[in-house]
Amino acid sequence: MKRRFVIYFFIIVVIFITIAVLTKPDDRTIKIATINAIWGDKAPRPEDAPQFYEQFMNITTVDIYINDWWLLKRIQYKFAKGTETVGIAAFGKVMIYK
């Protein structure tokens with residue numbers, strides 16, 4: 001009975017880790033979500049002025065640092081007072097908590 005439990009637990013952990021690794025969002029998605037969360041209404045919208053949006057993204061995305069860990073990605077943003085962790089990305093979602 002105990003051996004069966006260990007085998008099932010191991011299988012569930014392997015499935016969980018596989019899903020976490022395969023569903024990490026790409027860096028572009030993370031950068032767009034981070035800029036939208038931090039800048040909010042101050043950021044230009046791509047529908048309104050695509051040329052300004054592209055320039056804005058080129059300037060502001062250099063302040064985003066993405067640490068790619070094994071199961072998730074840590075998102076840091078460089079503010080005037082220093083670099084702070086602003087969110088994480090895992091399982092296909094970007095979670096900004098600043």
Side-chain angles (χ1 to χ4, degrees):
M1 182 71 178
K2 186 177 180 182
R3 183 178 177 171
R4 185 179 297 173
F5 173 76
V6 170
I7 291 172
Y8 287 146
F9 180 75
F10 181 73
I11 290 172
I12 290 171
V13 168
V14 168
I15 290 171
F16 176 79
I17 290 172
T18 303
I19 291 171
V21 169
L22 294 178
T23 60
K24 284 191 298 187
D26 61 341
D27 289 351
R28 183 171 187 252
T29 305
I30 293 171
K31 288 179 180 182
I32 291 171
T34 304
I35 293 298
N36 288 339
I38 291 175
W39 286 87
D41 294 336
K42 297 175 185 172
R45 298 286 167 209
E47 304 86 30
D48 299 336
Q51 68 276 15
F52 296 130
Y53 178 76
E54 187 69 31
Q55 290 175 353
F56 182 80
M57 292 301 280
N58 289 338
I59 293 170
T60 56
T61 55
V62 296
D63 295 332
I64 299 173
Y65 303 105
I66 300 171
N67 298 335
D68 192 0
W69 293 347
W70 195 51
L71 296 176
L72 55 94
K73 294 184 179 187
R74 181 176 68 166
I75 307 163
Q76 294 181 313
Y77 193 81
K78 184 176 136 189
F79 294 101
K81 61 183 177 180
T83 303
E84 295 183 21
T85 301
V86 294
I88 60 171
F91 297 105
K93 303 221 185 278
V94 179
M95 294 155 275
I96 306 294
Y97 51 84
K98 284 279 181 179

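For the atom pair Ile66 CD1 and Ile88 CD1, the distance stands at 13.5 Å (nearest 0.5 Å). Between the CD atom of Gln55 and the CE atom of Met57 there is a distance of 13.0 Å, given to the nearest 0.5 Å. Between Lys42 atom NZ and Phe56 atom CZ the span is 9.5 Å, to the nearest 0.5 Å.
Pairing each heavy atom of Arg45 with each of Gly40, the nearest pair is NH2-O, 3.4 Å. Summarising the geometry of Tyr97 relative to Gly87, their closest heavy-atom pair is CE2-CA, 3.2 Å, with the distance given to 0.1 Å. The two atoms that bring Ala90 and Pro25 nearest to each other are N-CD, 4.1 Å, heavy atoms only. Ile96 approaches Ala33 most closely through the heavy-atom pair CG1-O, 4.3 Å. Residue Val14 comes nearest to Thr18 through the heavy atom pair O-OG1, 2.7 Å, listed as atom of the first residue, atom of the second, then distance.
Residue pairs meeting the salt bridge (charged side-chain N to carboxylate O under 4.0 Å, His left out) criterion with at least one member in residues 63-72, sequence neighbours excluded: Lys24-Asp68.
Checking each of Thr34, Asn36, Thr29, Ile30 against Ile32 for a side chain to side chain contact (heavy atoms under 4.5 Å, CB included) leaves exactly one that passes, namely Asn36.
Checked against a 6.0 Å centroid threshold, the rings of Tyr77 and Phe79 count as neighbours.
With contacts defined as side-chain heavy-atom distances shorter than 4.5 Å, the pair Ile75/Val94 qualifies. By the 4.5 Å heavy-atom criterion applied to side chains, Asn67 and Gln76 are counted as neighbours. Two residues are said to be in side-chain contact when any heavy atoms from C-beta on lie closer than 4.5 Å; Thr60 and Lys31 fail this criterion.
Connectivity analysis of hydrophobic side chains (ILVMFWY, heavy atoms under 4.5 Å, direct or indirect) links Val13 to Ile7, Phe9, Ile11, Ile15, Phe16, Ile17, Ile19, Val21, Trp70, Leu71, Phe91.
With a 6.0 Å radius and a threshold of 12 heavy atoms from other residues, nucleotides or ligands, Asp41 has its CG atom at or below the threshold.
Linking ILVMFWY residues whenever their side-chain heavy atoms come closer than 4.5 Å, directly or via other members, leaves Ile64 and Leu72 in distinct clusters.
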